[in-house]
Each structure stands twice: as structure tokens, then as C-alpha cells.
Amino acid sequence: MKYFSMFSGIGGFELGIEKASDNKCSSECKEPQQEECGQRGKWDTTKRGTLLCPGQQSPLCVGYSEINKYAIQIYQRHWPGHKNYGDATKINPSELPDFDMLCGGFPCQSFSIAGKRKGFEDTRGTLFHEILRIASEKKPGTIFLENVKGLLSADQGRCFGVILCSLDELGYDVEWQVLNSKNFGVPQNRERVFIVGHLRGEPFREVFPLRKNDKKYYRMGGGDR
């Protein structure tokens with residue numbers, strides 16, 4: 001899977017994507033780099049090519065977009081081979097490589113309860129439209145976004161409504177859920193809304209809801225039971 005990361009910060013999405021991928025092929029599979037895996041035989045073909053069975057190929061970041069110099073320094077320390085396309089407002093989508101997923105935590109200050117909550121009246125809030133602009137031309141199979149929980153109530157819910165409608169008009173079926181990082185092994189009480197859009201007409205697997213009794217995903221922390 002190839003992905004493009006926007007508003008990347010220090011690489012939170014990149015680390016999560018790496019951890020979510022299974023890079024260990026089964027002992028029975030002797031040809032992990034071949035186009036066919038005769039030992040495991042678990043293949044899924046789509047219009048975008050063949051998806052390798054788990055462990056046969058790591059996700060590939062085709063580039064990222066970040067302008068904060070301190071965040072870039074940390075990002076490059078961990079992923080020195082990733083290309084930074086810089087300011088999202090200046091990216092020419094036609095110059096980007098093709099990719100299967102667009103991910104990003106678009107700026108949240110205009111939606112956070114800690115800020116003035118101007119929503120799309122704040123220029124930082126309008127940066128979401130840069131995601132739409134690039135997705136409208138590249139048409140990745142999946143869009144994976146994250147923001148503060150306050151996005152749901154900003155401008156009495158109208159901001160979130162605009163986001164859902166915009167993705168729908170772009171051709172994506174959308175699912176979303178608020179998750180707390182403390183339930184996933186992180187010593188932090190941090191609620192975030194995660195949004196996943198699936199391009200219509202392409203096969204996909206439902207992601208949400210993740211439920212607390214699903215031990216595969218949840219590791220229960222204290223207090224939120």
C-alpha cells in the first residue's frame with residue numbers, strides 16, 4: 001500500500017501505519033517477495049493492483065507535507081528517506097506519485113475547545129479543503145483523517161457536517177468514531193475523532209465501530225469502562 005501524508009507533524013500517522021502492518025511472513029511462506037504466494041494463497045485483487053498477504057510488503061510513504069521546522073527535524077530523524085512536499089496549499093497534485101491512501105491530521109486549533117473555535121472562519125480550519133483538492137485529483141481508495149473531538153460540535157456541528165458532505169460529494173462513503181488514546185496503551189487521556197472514507201466502487205472492509213469488548217483493538221485503561 002502506498003500512502004501520502006498531509007499535515008504530518010512528527011509522523012504520528014507514519015508510526016501508526018508501520019505498527020499496524022504485519023511485517024512477519026509465516027514460516028511456511030518461502031517466497032515473500034514473489035508476485036504470488038503459493039504457500040499462503042491469501043490474495044485480494046483490486047483495480048489498484050494486488051494487495052499482498054500480511055507480512056509480504058510494508059506500506060510505502062510516497063511523500064508528506066509539513067512546514068513546521070521543528071516537526072520536520074524530528075520527522076526526518078525517523079524517516080530520512082521520505083520526501084517533504086512542504087506547504088499543502090502549494091502542492092500540485094499532478095506532480096505527486098499515485099497512492100492508495102491519503103492520511104492527515106489537519107490543523108485542529110480552530111475546532112478545539114481550548115481555542116476560539118472559529119471553525120472554517122479560521123484559515124487553519126480551511127486547510128481541510130487542501131485535502132479535498134488533492135483527493136479530488138488523485139482519487140485514493142482510502143482517506144484517513146484525525147482531529148480533536150471538538151470538531152464534532154464546532155459551529156454547532158456545521159463544520160463536521162461540511163466535512164462529511166464534502167467527502168460524500170467527492171465520492172467517498174464515510175465512517176467515523178471518537179476514540180480515547182488511554183484505551184490503546186497510551187498513558188494519556190486524549191479523545192480524537194477518526195474519519196475513514198472509502199472510494200465508492202472499490203472493495204473495502206468496514207473499520208468502525210471499534211468496541212471496548214473487542215480485545216483485538218482495545219486495551220482497557222482505568223476509568224473508561
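Here the structure is a predicted model, which is why all the values come from computation and not from measurement.
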(message) Test of understanding: clusters of I, L, V, M, F, W, Y form through side-chain heavy atoms closer than 4.5 Å, transitively. Do Ile72 and Leu15 belong to the same one?
(response) yes

(message) For residues Leu132 and Val193: do they belong to one hydrophobic cluster (side chain heavy atoms under 4.5 Å, members Ile, Leu, Val, Met, Phe, Trp, Tyr)?
(response) yes

Using a 3.5 Å distance criterion without hydrogens, assess whether the side chain of [X] forms a donor-acceptor pair with backbone atoms of [Y].
X      : Y      : value
Asn84  : Glu66  : yes
Glu175 : Phe208 : yes
Arg158 : Ser153 : no

For the residue pair [X] and [Y], establish whether any side-chain heavy-atom pair is separated by less than 4.5 Å.
X      : Y      : answer
Thr142 : Leu199 : no
Glu146 : Ile195 : no
Asn180 : Arg192 : no
Phe194 : Leu145 : no
Leu60  : Phe99  : no
Lys182 : Pro187 : no
Ile91  : Glu130 : no
His78  : Ile74  : yes

(request) Decide side-chain contact (heavy atoms from CB on, under 4.5 Å) for Val62 and Leu96; before the verdict, give the C-alpha distance in whole Å, the side-chain angles of both, and the deciding distance to 0.1 Å. (result) CA-CA 8 Å; Val62 301; Leu96 295 175; over 6 Å; no

(request) Apply side-chain contact (heavy atoms from CB on, under 4.5 Å) to the pair Leu170 and Lys139, showing each step before the final yes or no. (result) CA-CA 9 Å; Leu170 203 59; Lys139 284 290 190 290; 4.3 Å; yes

(request) Might you work through the side-chain contact (heavy atoms from CB on, under 4.5 Å) test for Ile163 and Trp176, ending with a clear yes or no? (result) CA-CA 11 Å; Ile163 288 173; Trp176 59 274; over 6 Å; no

(message) The criterion is side chain to side chain contact (heavy atoms under 4.5 Å, CB included); which residues satisfy it with Asp168, sequence neighbours excluded?
(response) Arg200

Where do [X] and [Y] come nearest, in terms of heavy atoms and distance?
X      : Y      : value
Tyr172 : Pro140 : OH-O, 2.6 Å
Phe144 : Val196 : CD1-CG2, 3.9 Å
Arg133 : Ala88  : NH2-O, 2.9 Å

From [X] atom [atom1] to [Y] atom [atom2], the distance as rounded to the nearest 0.5 Å:
X      : Y      : atom1 : atom2 : value
Ile17  : Cys103 : CD1   : SG    : 4.0 Å
Leu167 : Ser136 : CG    : OG    : 11.5 Å
Glu191 : Leu152 : CD    : CG    : 10.0 Å
Cys61  : Met101 : SG    : CE    : 9.5 Å
Cys159 : Asn147 : SG    : CG    : 10.0 Å
His82  : Gln76  : NE2   : CD    : 11.0 Å

(request) Might you work through the side-chain contact (heavy atoms from CB on, under 4.5 Å) test for Val178 and Lys149, ending with a clear yes or no? (result) CA-CA 7 Å; Val178 174; Lys149 181 182 178 181; 4.2 Å; yes

Which atom pairs, one a donor and one an acceptor, fall under 3.5 Å between side chains of residues 1-14 and the rest of the protein, sequence neighbours left out?
residue, atom, partner, partner atom, Å
Ser5, OG, Ser8, OG, 2.7
Ser5, OG, Glu14, OE2, 2.8
Ser8, OG, Ser5, O, 3.3
Glu14, OE2, Tyr75, OH, 2.8

(message) Taking the six-membered ring for Trp, are Trp79 and Tyr64 closer than 6.0 Å centroid to centroid?
(response) no

